Amino acid sequence: MKKLTSTTLFFLGLLFYAMNSMSQTNGNLAPRPPMGFMTWNYFGVNINEQDIKTLADAMFESGLRDLGFNYIFIDDGWQGGRDNKNNMIADPQKFPSGMKALVDYVHSKGMKIGIYSDAAQLTCAGYTASLGFEEQDAKTFAKWGFDYLKYDYCGAPSDWQTAIHRYEKMANALRNSGRDIVLGVCEWGDRQPWLWAKKAGGQLWRTTADVRDKWYSGSKVNKPSELHGRGAGILDILNLNAELSAYAGINGWNDPDMLVVGLYGKKGAPSSDLGGKGCTDTEYQSQMSLWCLMAAPLMITCDVRNMNDATKGILTNKEIIAIDQDPLGKQAVRIINDDVWQVFVKPLANGDTALGILNISNKEQTSNINLNSLGITGLKKAKDLWSKKTIKLDTKNNFKVKVASHETKVYRIN
Ligand code: GLA
């Protein structure tokens with residue numbers, strides 16, 4: 001009886017907390033979904049200052065920075081423990097010039113830079129983490145000049161209360177650090193962070209287990225925790241994240257994890273674990289399309305110093321990126337979800353509508369979509385944002401278009 005009472009009280013408290021969070025402002029640190037390059041999928045823990053500098057150079061030279069990909073996110077593996085005053089230090093072998101120098105370099109390229117830690121004693125890869133040192137570590141990150149912290153949850157207790165408390169603690173520490181630092185919550189959706197992470201002080205929250213460089217694990221899961229260990233592909237993650245559109249908005253984004261575009265099954269990389277054998281360019285283009293429709297943070301992870309034309313084409317599509325970064329900040333609603341089709345509708349700030357049509361079957365199919373039932377009526381013009389062709393639409397008629405297996409068509413309709 002006693003246990004039941006405290007559980008009930010906790011969930012009532014959480015409900016109050018979630019409702020309250022809707023009305024709270026949380027600074028204006030992420031008015032659009034953050035975009036950039038994240039080290040994890042390709043490099044794992046094998047990161048160093050030389051690579052990060054050349055990656056920043058490549059982001060600049062390839063034009064990706066000017067398209068909005070303006071962060072370099074350093075993931076796990078940078079840490080070298082603590083000094084005799086318990087200040088965190090970077091691994092001196094990997095970062096011989098020190099973190100401050102690297103941060104200054106990235107800033108000099110007109111980019112921002114993120115760092116990584118974990119709400120336990122050790123990170124997921126076993127490096128020094130921040131539990132019990134939140135204030136001190138936040139000050140260190142601020143002193144070095146970091147603009148973002150990805151805060152992971154390996155090695156921490158599984159209950160909700162502790163998670164909320166630990167994220168709040170780091171969010172407060174960042175707020176006290178004297179620098180604006182965006183907080184990315186990374187507990188993989190296991191405790192429904194879309195209900196509490198914004199109020200706790202985060203600007204984005206991972207909604208699933210780690211993405212692998214693959215299309216699909218083969219069967220549907222009902223909740224994020226079921227994805228652990230099976231290797232989440234693009235479609236696995238889509239299936240969960242697409243349900244969460246009500247929770248995303250300005251300064252608080254669902255994060256369905258990194259883009260695997262251009263990795264092509266890179267051997268030895270974390271993205272190749274658990275069946276990450278690589279995807280086709282059609283599938284990579286779909287991930288880009290779907291992540292943009294879902295207003296997701298866009299974190300490139302392929303080696304941007306050596307992209308082929310297909311990868312470059314997918315990542316630098318300005319009009320697709322504009323769907324992601326649209327100032328209205330709405331995540332597309334998935335209106336159709338059957339054995340063949342997933343259809344997404346995203347309202348845009350200027351009154352246009354983005355329409356996404358994904359064919360999940362394993363052969364080419366022709367759509368037959370009643371646009372009126374999606375709320376699209378009248379005579380319209382629709383621009384295919386990949387082929388760049390504009391067509392006239394009379395929405396009285398069903399919309400028919402050929403879509404290849406695993407392809408996503410994206411239209412901007414006005
Ligand atoms: C977890 C996170 C990943 C990555 C690794 C680093 O698995 O979900 O995104 O940060 O830890 O160890």
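Note that ligands are numbered from 1 as they come in the structure, with each ligand's atoms numbered from 1 the same way. Here the structure is a predicted model, which means the values were calculated and not measured.
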Determine which pairs satisfy disulfide (SG to SG under 2.5 Å) with at least one residue from residues 189-276, sequence neighbours left out, and list them in order.
none
Any idea which residues sit under 4.0 Å from ligand 1, heavy-atom distances?
Trp40, Asp75, Asp76, Tyr116, Cys124, Ala125, Lys150, Asp152, Cys186, Trp188, Arg206, Asp210, Met258
Donor + acceptor pair across side chains of Asp324, Trp291 (<3.5 Å)
no
Is it the case that the ring center of Tyr71 lies less than 6.0 angstrom away from the ring center of Phe37?
no
So, for Tyr151 and Tyr116, is the gap between ring centers shorter than 6.0 Å?
no
Within the supplied structure, the quantity of interest is the number of heavy atoms (other residues, nucleotides, ligands) at a distance under 6.0 Å from Tyr105 OH; does it exceed 12?
yes
Pairing of Asp236 and Lys214 as salt bridge, 4.0 angstrom limit:
no
